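All values derive from a computational prediction rather than experimental measurement. To find a chain, count down the sequence lines: A is the first, B the second, and so on, and within it residues start at 1. Worth knowing before you read on, the calculation uses all heavy atoms, side chains too, and leaves out hydrogens, waters and symmetry mates.
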Amino acid sequence: MPELIEVESYRTAAARLVGSRITRVECADDRYLRHTVDLLALRSVLEGARLTDVGRHGKVMLLGTDRGHVLGVRFGMTGRLSVDGYEPITELRYGPSGTGDGVRRFGIGTTAGAAWVLDPRRLGSVELDPDLTVLGPDAASLRVDDLRPALRSSRALKAVLLDQQSVAGLGNLLVDESLWRAGLAPGRPAESLGAAEQVRLVRTVVRTVAQLTRRGGSHTGDLQEARDARGACPRCGAALAVDRIGGRTTIWCPGDQR
DNA sequence: CCGGATGTTCACCT
DNA sequence: GAGGTGAACATCCG
């Protein structure tokens with residue numbers, strides 16, 4: 001589930017722990033720790049530290065501590081966050097909705113409560129002091145000047161938008177929805193966009209993220225229903241195309257998107 | 001049984 | 001170097 005919108009809801013839930021002290025760190029499987037030596041090392045760095053802030057960049061949730069270290073949490077496709085039993089998102093399309101121990105991949109206990117990452121497919125990960133310089137500007141506040149360098153590419157427009165190095169936070173659903181709203185074909189070379197199209201694209205991405213956030217998730221787009229049904233374009237009624245672009249299934253309207 | 005799924009990474013081609 | 005493809009990760013669902 002997690003695209004930027006979902007991770008933002010996790011960030012909000014975790015923010016209630018700000019100011020507390022980390023008392024324990026749990027991780028049953030070291031494979032979940034990326035670029036982080038092991039659980040013992042992570043514990044020595046985090047346990048006893050105070051949680052100073054909870055941030056987010058793209059799809060990465062960032063837990064800041066008073067020791068200067070930051071813990072980055074990625075949720076993969078099926079990761080959810082549970083804070084003292086409260087889950088901002090409980091319905092996951094590609095994973096079970098239960099909270100069994102088998103999916104509790106990573107946990108942080110604090111003086112104010114505990115947070116658990118529930119991730120059946122284990123596609124998420126946790127990383128100490130993640131390198132954020134490899135991520136592009138956050139999609140929620142994207143500006144056309146920030147995206148222009150990435151658009152100077154011969155790759156498919158959709159592939160560029162999915163690349164977290166170009167712009168951080170967009171996933172398959174948000175990209176398809178944004179391109180459909182902007183009337184831009186996903187397979188067009190990114191470099192073929194004119195100045196007006198670039199502006200339209202960025203404006204549409206920002207608006208789409210904001211609107212679907214209010215609606216409650218990346219799956220609440222206008223294209224979603226037709227996407228699930230492989231149906232007709234909600235705008236013009238023509239049959240939607242199903243292609244593979246940027247390595248992902250892509251639903252789009254060849255009539256409306258040019 | 002098979003294929004695909006809101007993600008990322010890596011090996012291997014062209 | 002740039003890009004593309006396919007596999008892998010682990011689980012559920014149609």
Side-chain angles (χ1 to χ4, degrees), chain A residues 1-10 28-35 56-61 72-81 88-106 117-127 130-132 134-136 139-140 149-180 186-191 205 208-209 212-213 215-225 227-230 242-251:
Chain A
M1 186 159 248
E3 297 188 36
L4 170 162
I5 292 172
E6 286 71 31
V7 178
E8 178 61 22
S9 74
Y10 297 157
D29 183 353
D30 269 7
R31 284 178 300 175
Y32 214 73
L33 308 177
R34 278 206 328 203
H35 299 195
R56 176 193 62 76
H57 191 94
K59 302 172 189 174
V60 187
M61 185 176 76
V73 182
R74 291 184 172 80
F75 294 90
M77 269 205 297
T78 55
R80 290 175 296 154
L81 188 71
I89 297 171
T90 53
E91 287 182 24
L92 263 147
R93 183 172 300 201
Y94 304 114
S97 51
T99 55
D101 285 344
V103 299
R104 290 156 69 116
R105 304 299 182 191
F106 182 83
V117 176
L118 314 175
D119 181 10
R121 286 182 65 181
R122 211 193 248 124
L123 297 176
S125 62
V126 168
E127 183 179 0
D131 178 11
L132 300 180
V134 300
L135 295 178
L151 291 176
R152 219 176 293 137
S153 162
S154 62
R155 302 162 77 197
L157 180 55
K158 169 158 181 175
V160 169
L161 295 179
L162 282 175
D163 187 342
Q164 301 299 297
Q165 200 159 357
S166 311
V167 47
L170 302 179
N172 203 35
L173 296 185
L174 284 178
V175 168
D176 278 5
E177 176 76 16
S178 297
L179 289 176
W180 177 75
R188 261 181 71 175
E191 62 190 356
V205 164
T208 300
V209 168
L212 301 204
T213 296
R215 288 185 187 174
S218 305
H219 60 297
T220 60
D222 298 333
L223 193 59
Q224 185 65 34
E225 203 174 319
R227 175 186 197 92
D228 287 341
R230 295 290 192 269
V242 182
D243 284 319
R244 196 141 189 102
I245 301 175
R248 311 295 298 280
T249 296
T250 301
I251 312 292

**Asked** What do the steps show when you test Thr213(A) against Glu8(A) for side chain to side chain donor-acceptor pair (under 3.5 Å), and what is the final call?
**Response** CA-CA 9 Å; Thr213(A) 296; Glu8(A) 178 61 22; over 6 Å; no
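Across the protein-nucleic acid pair, Tyr32(A) atom OH and dT11(C) atom P stand 12 Å apart, rounded to whole Å. Look at CZ on Arg80(A): it is 15 Å from C1' on dA10(C), rounded to the nearest Å. In this structure, the CG atom of Asp163(A) is 13 Å from the C1' atom of dT9(B), given to the nearest Å. Between the P atom of dG7(B) and the CG atom of Leu4(A) lies a distance of 12 Å, rounded to the nearest Å. One can place CG of Asp29(A) at 15 Å from C1' of dT11(C), the figure rounded to the nearest angstrom. Between the CZ atom of Arg104(A) and the P atom of dA10(C) there is a distance of 20 Å, given to the nearest Å. For the pair Asp228(A) CG and dC13(C) P, the interatomic distance rounds to 15 Å; values are reported in whole Å. Counting to the nearest Å, the C1' atom of dG7(B) and the CG atom of Asp119(A) are 10 Å from each other.
For the P atom pair drawn from dT8(B) and dG1(C), the interatomic distance equals 24 Å after rounding to whole Å.
Residue Glu225(A) qualifies as open at atom CD: its count of foreign heavy atoms under 6.0 Å is 12 or below.
With sequence neighbours excluded, the residues forming a salt bridge (Lys or Arg N to Asp or Glu O under 4.0 Å) with Arg31(A) are Asp29(A), listed by chain and number. The salt bridge (Lys or Arg N to Asp or Glu O under 4.0 Å) check on Arg248(A) picks up nothing, with sequence neighbours excluded. Applying the side-chain contact (heavy atoms from CB on, under 4.5 Å) criterion to Ala190(A), with sequence neighbours excluded, gives Leu151(A), Leu157(A), Val160(A).
When only modelled atom types and interatomic distance are considered, Gln224(A) and His219(A) share no side-chain donor-acceptor pair under 3.5 Å. A donor and an acceptor atom, one from each side chain of Thr250(A) and Asp243(A), are nowhere located under 3.5 Å apart.
Side chain of Glu127(A) to main chain of Gly72(A): no donor-acceptor pair is present (N/O by atom type, distance under 3.5 Å, no hydrogens or angles).
Dashed line: the shortest gap from a side-chain N or O of Thr78(A) to OP1 or OP2 of dA10(C) is not under 4.0 Å.
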Anything under 3.5 Å between a protein N or O and an N or O of nucleotides 1-9 of chain C, put it in a table, one pair a line.
unit_1: dG3(C); atom_1: OP1; unit_2: Ser153(A); atom_2: OG; d: 3.4

**Complete:** Read 5' to 3' with Watson-Crick or G-U pairs under 3.5 Å, [ ] for crossing pairs and | for partners on another strand, DNA chain B gives .||||.||||||||
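Considering only side-chain atoms of Arg34(A), the nucleotide from dG7(B), dT8(B), dT11(C) that sits closest is dT8(B).
Applying the side-chain hydrogen bond (donor to acceptor under 3.5 Å, both in side chains) test to every pair with at least one member in residues 160-170 of chain A, sequence neighbours left out, gives these pairs: Arg155(A)-Asp163(A).
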